[in-house]
Amino acid sequence: MDKNVLRSAQEWVREELDRSVRFWMDHGMDREHGGVYTCLDRKGEIYSTDKSVWMQGRCGWIFAYLCAVYGRREEWLEASKSCLDFMEDHCINREAGGRMYFTVTAEGKPLRQRRYCFSEAFYALANAEYYGVTGEREHLLRARRAYDLYWDLNHGMADPTGMGPKTIPETRTGRAFGIPMIILNVTSVLRRVDPEQQELYDRRAQECVEEIFRYHVKPELRCVLENVAEDGSPRLYYTEGRVVNPGHDIEGVWFLLEQAKHTGDKELVKKAAEIFDWAIEAGWDKEYGGLLYFTDCQGKPPEAYEHDMKLWWPHNEILIAAMMLYRDTGEQKYLDWFVKTMDYCKAHFSDPEYGEWYGYLRRDGLPTQPSTKGSTFKGPFHLPRCLIKVDMMTSEMLGE
């Protein structure tokens, strides 16, 4: 084990974490209406006051998680509670079975409802973590309700909003990798803070793992397919059926590794490592460095315009998964991938002058202009989560 590399990485991680947390505390928190603004430019100035409901839940979770890992600080707990209260007061469509909105105005008026139910997932995460820190049981009950709703909506329950599927079901139905992957992550958090229902969480987590490998993992194609038919068969005759999202796959890797650590399943570690190897081989840009956003499993043109951009969050997932694989397998190549990715992030994403990371780079590694530190989809979540996880793992491996 290369302790010098680990110590150097930990020093950098802690500096980045401090800058990231301070950036969002100083610029993102809405002292008037509650919750968090995430559409921030490089310096932290707000360029849109619309609020992402995903980010209310994700921010609520990250600040509670900081307390869980580093000790309770009132400013962190207050930031978490602000997001929780804002969601409770403004982001739930109570006339549609408790479904949550996707975006709202600064003061909380609903703007958009989506068929996808990730808002509910992040609401459950935030309330669960807050309960774990404070012991306030109402937050556990909220987390359980949202978690069960999220599970049921993805296991046959009719959507109470009345919104139909993305495509006409008589023509095409299918499965999306993001569903079991995110449920697995949410389940791991609930299981950690809510041992009363461990049997339920263990059962559902195992169902998610089985679903991922039964339907989405394709060894013959050396990839994980984002979209497959209901029976899991590949649909390679149109672009969406060939989509590979390497960062998504790598994020799923460390969710699987957490499950493997919980159960002691060494075979699952091997399977997760194989997925990482496929994804990094398919996605790493051999000319400019960094991870491409989308690839096509047959090497055909991806349809998404942003397919060759470099986004912050897939690189966060490499850092977590590579370090976790190094910890769990001892293989040097995973530490090498961690260092290679860390060096790329230092050179291209990190902004020591103003704090936080650029969200969106061109293929050549330059930030899109005008540059942004946050958006509807980027807030205080992937980066601080990554930095916390890596800090914890390096301490674990260093025996500190």
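This structure is a prediction, so every number in the text was calculated from the model and none was measured. Scope of the values below: all heavy atoms of this structure, side chains included, with no hydrogens, waters or symmetry mates.
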Next on the checklist: Working note: D351 + R42, criterion side-chain contact (heavy atoms from CB on, under 4.5 Å); need CA distance, chi angles, decisive distance, verdict.
Outcome noted: CA-CA 9 Å; D351 182 12; R42 182 191 177 197; 2.8 Å; yes
Checklist entry - Relative to the ring of H90, is the ring of F86 parallel (under 30°), tilted (30 to 60°) or perpendicular (over 60°)? => result tilted
Item to check | Within-4.5 Å side-chain heavy-atom neighbours: L225 and C223 | outcome: yes
Checklist outcome for this item: The reported gap from OG1 in T173 to NZ in K166 (rounded to nearest 0.5 angstrom) is 14.0 Å
Checklist entry - Does the pair R363/E287 count as a salt bridge with the N-to-O cut at 4.0 Å? => result yes
Next on the checklist: Regarding Y288 and D364, do their side chains bring together a donor and an acceptor under 3.5 Å, going by distance alone?
Outcome noted: no
Checklist entry - Roughly how far, to the nearest 0.5 Å, is CE of M323 from CG of L6? => result 5.0 Å
Next on the checklist: Is there a continuous path of hydrophobic side-chain contacts, each under 4.5 Å between heavy atoms, that joins I212 to I183?
Outcome noted: yes
Checklist entry - Looking at E129 and R192, does any basic side-chain N land under 4.0 Å from a carboxylate oxygen? => result yes
Item to check | Nearest-0.5 Å distance, CG of residue D249 to CD of residue E226 | outcome: 6.0 Å
Next on the checklist: How close do C208 and W151 get, counting heavy atoms only, and between which atoms?
Outcome noted: SG-CZ3, 4.1 Å
Next on the checklist: If I take atom CD from residue E211 and atom CE from residue M181, how far apart are they, to the nearest 0.5 angstrom?
Outcome noted: 12.5 Å
Checklist entry - Would a hydrophobic clustering, with Ile, Leu, Val, Met, Phe, Trp and Tyr connected at side-chain separations under 4.5 Å, put Y70 with W12? => result yes
Item to check | Ion pair check, E75 and R22, cut-off under 4.0 Å | outcome: yes
Checklist entry - With sequence neighbours excluded, what pairs up with M157 under the side-chain contact (heavy atoms from CB on, under 4.5 Å) test? => result L149, D152, L153, P160
Next on the checklist: Assigning hydrophobic clusters by single linkage (Ile, Leu, Val, Met, Phe, Trp, Tyr; side-chain heavy-atom cutoff under 4.5 Å), is Y147 placed with L140?
Outcome noted: no
Next on the checklist: Do V189 and F63 land in one hydrophobic cluster if side-chain heavy atoms of ILVMFWY residues count as linked below 4.5 Å?
Outcome noted: yes
Checklist entry - With hydrophobic residues grouped by side-chain heavy-atom distances under 4.5 Å, do Y116 and V53 end up in a single group? => result no
Checklist entry - Is a side-chain donor-acceptor pair under 3.5 Å present for W313 with E251? => result no
Checklist entry - Salt bridge check: are E258 and K389 linked by an N-O gap of less than 4.0 Å? => result yes
Item to check | Electrostatic pair D148-R204, nearest N-O below 4.0 angstrom | outcome: yes
Next on the checklist: In the structure I gave you, are the side-chain heavy atoms of F213 and I275 within less than 4.5 Å of one another anywhere?
Outcome noted: yes
Checklist entry - Just by distance, with hydrogens left out, do D202 and H262 show a side-chain donor and acceptor under 3.5 Å apart? => result yes
Next on the checklist: Between R94 and E88 (salt bridge meaning N to carboxylate O under 4.0 Å), is one present in this structure?
Outcome noted: yes
Checklist outcome for this item: From the list F102, Y123, F381, ring-ring contact (aromatic ring centres under 6.0 Å, His included) partner of W54 resolves to F102
Item to check | Minimum side-chain heavy-atom gap V69-M392 below 4.5 Å | outcome: yes
Item to check | Check ion pair D231-R175 (N to O, under 4.0 angstrom) | outcome: no
Checklist entry - For the ring-ring contact (aromatic ring centres under 6.0 Å, His included) test, which of W337, F338, F349 pairs with H315? => result F349
Checklist entry - With no hydrogens and no angle check, do the side chains of Q259 and D265 hold a donor and an acceptor under 3.5 Å apart? => result no
Checklist entry - Measuring from S20:OG to E15:CD, what's the distance to the nearest 0.5 Å? => result 13.5 Å
Checklist entry - Does E267 come within less than 4.0 Å of K270, counting only side-chain N to carboxylate O? => result yes
Item to check | Reported NZ-to-CG distance for the pair K261 and L268, which is rounded to 0.5 angstrom | outcome: 14.0 Å
Checklist entry - Distance-only, no hydrogens or angles: does the T368 side chain make a donor-acceptor pair with backbone N or O of S371 under 3.5 Å? => result no
